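Below: one structure, written as structure tokens.
Since we're looking at a predicted model, the values are computed, not measured. In what follows, chains are A, B, ... by sequence order, proteins preceding strands, each numbered from 1. Keep in mind that the numbers below use all heavy atoms, side chains included, and drop hydrogens, waters and symmetry copies.
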Amino acid sequence: MTVRVRIAPSPTGPLHIGTARTALFNYLFARRNGGSFILRLEDTDVARSSIEYERDILDGLHWLGLEWDEGPEVAGLPARGPYGPYRQMQRLDSYREAVERLLREDKAYYCYCTPEELAADRLAQEAAHQPPHYVGRCAHLTPEERRSREAEGRKPVIRFRIGEGVVEFDDVVRGHIAIDTSALGGDLVIVRSDGTPLYHFTVTVDDAAMAISHIIRGEDHLSNTPKHILLFKALGAELPKFAHLPLILNPDRTKMSKRKSQTAIDDYREEGFIREALVNHLGLLGWASGGEEEVFGLDELVERFELERVHAGGAVFDRERLEWLNGQWIRRLSDDDLVSRALPYLMGDLEARRERGEAVRIPTEDDLRVLLPLVRERLPVLSSIGAMVDFLFVEELQVNPALLVPKRWDVATTLEGLTEARRLIAEAGDVSFEADELEAPLRALCEARGWKAGDLFMAIRVAVTGRTATPPLFDTLVCLGPARTLERLDTARALVEETVPLPHD
RNA sequence: GCCGCAUUCGUCUAGAGGCCCAGGACACCGCCCUCUCAAGGCGGAGAUCACCGGUUCGAAUCCGGUAUGCGGUACCA
């Protein structure tokens, strides 16, 4: 059997975590089984769809590395695949044709009920403790009745006859499912009164037309599946296999939502999560390899993925795990790759500072390449690059004098320490400004004075970076260079003297 | 309300009758490493496998019921 799967997002919002996960699983299944992964845009909700969202979704999927084999034309590039168009609003003819067929075969009919009538039905059903359903008022209209309603100017919807019986199917992840059609809400509206087709209808017409073999989607569609099966049959199409993925949940275990969680892939990207981490994390939501490794790249996921191993319970999106994976993946990036990915974040930070009136140097890729080895295992997300290395690029460092004096030291000791350190560093700089050359004499100094090296180093660290947490000190000094190092030590000494009065000595 | 699905450490999960008084990972705690912060290493704590019955010599694993949660129930997708 030729495997053909699809992701069918509607461009009514930015790319959602859930959509991305569904896309991933479809992609993995397709690649694993030598099948095709199809992208289809479900844009029939014209009121809520927009081209911006469409862009965002396509961009996001592309960014994640989930390349589709067939899909719509994008940004000037032509559509790909023999089953186009891949945008539903461009497939209206095929829906019209399908509707006409259903109408002709009396599997569907025009319904003239007004919203008021339907609301009244619903109220009555509620009062009678019945499940809401369409009562079938228009199910068997005579031609005369139809004409008179038309004459009133009523615009009909088209309903699909649901019929009686039990719909059964075997879900790949959930096993055997049986649902009585009486639970389906009565005959289903498939075409709006304005003539546009509705989701349940378009999705099955398209899945049939595109020869989709496996429908892999979120569990929220499980209850709708009987409707689709009935439609497939009415259309005379072959039934695909169904696999319903567990939902991704908010921490309170409700379906993940914008209200309660960060759901836009874009927002994670902006924070500096990298695609490898996101893919890895999403791949582990509802699926596990069965082995004990958990850090997998896309290709490794493809190698191991099995739809049958997807499990049925919902999965809370655990951001801390994502962060850990992000660190793992950042550490695995090559230097060049990390540099090019992190640089925009650094630039952004510095640009923002500049706009606030601070003097900054603009870093080059080379600037970053030098100190990258020092920060890579300290980066949880790329956006923290600025906080890590900004001191190299700001011209006038803001130092909090209170931080300058190490916890175990007093002002006088600090002053002495910085002065002596400045002298030794200047001497070392005359020879060669390298980490080893700097460290040895400073350690010797501490030995001689009975200081803990860590205290002296902390004073220098703050003097030179303004921060208490930095990459290793001597490498940092080397990156800074002798001139700026000495200058900042001088500034810091002055600061200690000026702003902190020396009480009794 | 009705229908459907689900339920193993806080979280993600392994587990498909004896290997499980339940394994791994994140988070947490401690120790080691260490110039700070990380990273890394080692160790710890953490789940009466939702509950109740049944089947079986034996159940997290099979069956039934209950509870709870979630999803669906639109001229949204």
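For the ring-ring contact (aromatic ring centres under 6.0 Å, His included) test, no residue two or more places apart in sequence or in another chain qualifies with A:W329. Taking A:W324 as the reference, nothing meets the ring-ring contact (aromatic ring centres under 6.0 Å, His included) condition, with sequence neighbours excluded. Partners of A:R376 under the side-chain hydrogen bond (donor to acceptor under 3.5 Å, both in side chains) rule, at least two apart in sequence or in another chain, are A:D335. Remark: A:R493 engages A:D490 in a salt bridge (Lys or Arg N to Asp or Glu O under 4.0 Å) (not counting sequence neighbours). Every residue two or more places apart in sequence or in another chain was checked for a ring-ring contact (aromatic ring centres under 6.0 Å, His included) with A:Y109, and none qualifies. Applying the ring-ring contact (aromatic ring centres under 6.0 Å, His included) criterion to A:H214, with sequence neighbours excluded, gives A:F29. Partners of A:D252 under the salt bridge (Lys or Arg N to Asp or Glu O under 4.0 Å) rule, at least two apart in sequence or in another chain, are A:K260.
A:L24 is listed as a side-chain neighbour of A:V279, based on a closest heavy-atom distance under 4.5 Å.
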TODO: Between protein and nucleotides 63-77 of chain B, map the contacts as a letter string: B base, S sugar-phosphate only, - none, heavy atoms under 4.0 Å, written 5' to 3'.
DONE: -------SBSSSBBB
Open item on the list: Return a single string for nucleotides 23-31 of chain B, one symbol per nucleotide in 5' to 3' order, where B is base contact, S is sugar-phosphate-only contact and - is none, cutoff 4.0 angstrom on heavy atoms.
Closed with: SBBBS----
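Judged by closest nucleotide on RNA chain B, A:A288 is the one of A:A288 and A:F457 placed further toward the 5' end.
Here the rule is salt bridge (Lys or Arg N to Asp or Glu O under 4.0 Å) with A:D455, and of A:R461, A:K407, A:R408 only A:R408 fits it.
Between A:D436 atom CG and B:C35 atom P the separation is 14 Å, expressed in whole Å. Nucleotide B:A38 holds its P atom 14 Å from the CD atom of A:E323, rounded to whole Å.
Proximity of residues 376-384 of chain A to RNA chain B (heavy atom under 4.0 angstrom from any strand atom) is restricted to A:E377, A:R378.
Judged by Watson-Crick or G-U wobble contacts below 3.5 Å, the nucleotide B:C31 has B:G41 as its partner. Within the shown strands, B:C70 is the pairing partner of B:G4 under the Watson-Crick or G-U definition, both distances less than 3.5 Å. Across all strands shown, nothing is found opposite B:C19 as a Watson-Crick or G-U wobble partner with both distances under 3.5 Å. Across all strands shown, B:U36 forms no Watson-Crick or G-U wobble pair with both distances under 3.5 Å.
The separation of B:U68 from B:C32, taken at their P atoms, amounts to 50 Å, rounded to a whole angstrom. The same atom, C1', is picked in B:G41 and in B:C5; the two are 44 Å apart, to the nearest Å.
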Pairs: protein N or O with nucleotides 45-49 of chain B N or O, under 3.5 Å:
none

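Counting only residues at least two apart or in different chains, side chain to side chain donor-acceptor pair (under 3.5 Å) contacts with residues 188-198 of chain A comprise A:R192-A:T196, A:D194-A:T196.
Side-chain atoms of A:R461 and base atoms of B:C35 include a donor and an acceptor less than 3.5 Å apart.
Between A:Y199 and A:Y95, the gap from one ring centroid to the other reaches at least 6.0 Å.
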